[in-house]
Amino acid sequence: MSVLKISSVSKYFPGGTKAVDSFSLDVADGELVCLLGPSGSGKSTLLRMVGGFEDPSSGLITIDGEDITHLPPERRPTGMVFQSHALWTHMNVFDNLAFGLKLRRTGKSEIREKVEAVLDLVGLAGYGERKTHQLSGGQQQRVALARSLVLEPKILLLDEPFASLDQHLRERLREEVRDIQQRLKITTLFVTHGQDEALSMADRIVVMRDGRTEQIDRPDVVYRNPQTPFVAGFIGTMNLIDGEVAHGRFHRAGLSLDLPISDGPAILAMRPEALDLSLADQGQAVVHRVTDYGTHGLVDLDLPEAIRVKAMVDHPDRFSTGQSVNLAPRAVAAFRDGRQVFRS
Amino acid sequence: MRREPRPKRSQYSMTEHTAATVSVAGTRRGRKYAGLFLVAIPVFLVAWMVIWPILTAIPRSLMQVGTDGSTSFSFANYQFFFSDRYSLNNLTVTLWTTMVCAALLLVICLPLALYLRFTSNRIAAFVQSLAIFPMFVPSIILSYAFIRVLGPNGTVDLLLNGVGLPRIRSPYLTPWGPVIGLVWDNIPLTVLILVSGLGAVSNATIEAARDVGARRLAILWHIILPRITNSILVAISFGVLGIFSSFTLPYVLGPAAPEMMGPFMQRTFRDLQNPPMAITQAVITFAFCIVFGLFYIRSVAKNRTP
Ligand SMILES: Nc1ncnc2c1ncn2[C@@H]1O[C@H](COP(=O)(O)OP(=O)(O)OP(=O)(O)O)[C@@H](O)[C@H]1O
Ligand SMILES: [Mg+2]
């Protein structure tokens, strides 16, 4: 039963970089929260502050109500998995896992029991005597995870643990980690800049930008109901069109559609999968390229004023370059001044 | 009929394959000769300037010249060396100096290297240049600097005198004179080797250790030291080999008796005009260095991690 509370935490680096800017987040017991954001948005810095590797410039971090803001890492009930697994290459797998337990003066037989159990958990039973360099990249990352898990931390922290692995392995490990996390019901903070990783694993996603929170929500909500144009553009593919609203209609690049908001500039957002296409003479757009992904197709469309949008279609073979089509969005959202002002 | 094309194709691909192999082997052979050539120069230099003198020195140390100029095989030189109190004292003081220097080097340089590796500010940069500085100073100048500071009526003496304290017993012309000089002289190389060894210990491995609960001492003992064992061995071996056969610093700073092997050899050769005895001392010195060298090679080979 562990709850992590981060309250208006900021981190300034010498030289004036504001890596994290009054960030707040509550992670519930057993929850997996993904920190998602572009490079340099402060995800690692935030995670390292929770782990104790960076000292917050201001703010408060508590675990189960206990203030850990300025505790050194060795006195925190957190376990961290680093991007570059950071295994101790002069020890074998068993000793890597046993090191933390030995420091806690755990008995020999108990160490053996615990290490074997956790190796089994990560699917590496019988690998104890291996040297770390005799493992594949995925196995090394599993050992790193096991090394944290064996100490039964209250909070598990992972900083892009799969970044150096190939796509297939990444997907498999993602599922494994999620399974283990749910089985142990361990409160977890997971850093990634891969949106599919966040969407597939997280209970909630924190979208970060320049050290600040853009949106905190369940994955499906972040996807369907982005609160800012940044989130809309960052998660999934989104067609964003700058335009003007006049008398309840949005106008730009030959498009004109109902948008019941006050007059003024607005950004129109449409998902490719919510955009219907129909062939038409003198249509609104011209097909630029058709890409067939097997399960579906993606059509790139040229609108006037050099604006390009993407539409997802079930039967890509119905379209070909140069055709003229009309667009009919099934759902749109609109943003103004960086906030969502309309959603259908 | 339908099967025919297959063997043809495979034959074709085989010839292609062979051709490729031949050309690769050709360039490889060329590279091998270039490599041999590059290796040949140092091997030749070592053979000419180290191996050959040793090979000639050993028989000369085993030769006894009679009064009539005839030569005969004999262990007399070695028998003399190992039964002569004075020679043995010199050997002992050389070994003692070497061991004390090695221990002091480790005690001084390891914390220094750790500090330089894990701190990055202006003070660290200053400390680094200070530590490396003696490397650029010739031993003879180090010696005189030592005498001016620690010698009789040196800076330390004057300072102590100035505040009314008794004068120190100067280490100048005691066995501690060479020790201080040699340690100072060897700090730069030792620190450089250790710092480069520590460069291989990534921050993440140390953070991971802290994460599982290791304090400073545990990190040093279980994470850092095992990773730099080889660097320590290399540094100590370099130091020991250099110190054991050093000449200038013990000659200038050390006592007249007992003296280290370097000055001892020189005096035997020049002042006592006894080249066979000097050669014998050289062979014995070399034998000790070989033992250190073999010990070093064995430990490095044993500790080798890929
Ligand atoms: N030790 C440091 N000293 C100075 N600035 C730093 C330091 N560490 C990070 N920063 C700065 O803080 C900001 C946030 O960095 P951080 O590593 O947290 O980003 P990130 O979101 O993890 O990015 P990435 O996805 O590339 O890992 C960046 O602008 C970075 O340059
Ligand atoms: Mg990062």
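All heavy atoms count here, side chains included; hydrogens, waters and symmetry mates do not. Residue numbers start from 1 in every chain, and the chains themselves are labelled A, B, ... in the order their sequence lines are given, proteins ahead of strands.
- Judged by distance alone, the side chains of A:Arg170 and A:Gln167 do bring a donor and an acceptor atom under 3.5 Å apart.
- If you measure heavy-atom distances from B:Thr205 to chain A, the contacts under 4.5 Å come from both the backbone and the side chain.
- Contact of the A:Arg147 side chain with the B:Val212 side chain is registered, since non-hydrogen atoms from C-beta on lie closer than 4.5 Å.
- There is no contact between A:Leu157 and chain B, counting heavy-atom distances below 4.5 Å.
- Side chains of A:Thr62 and A:Asp67: no donor on one and acceptor on the other come within 3.5 Å.
- With chain B as the partner, the residue from A:Gln83, A:Met91, A:Arg75, A:Arg104 showing the most heavy-atom pairs under 4.5 Å is A:Arg104.
- There is a side-chain donor-acceptor pair under 3.5 Å between A:Ser2 and A:Asp64.
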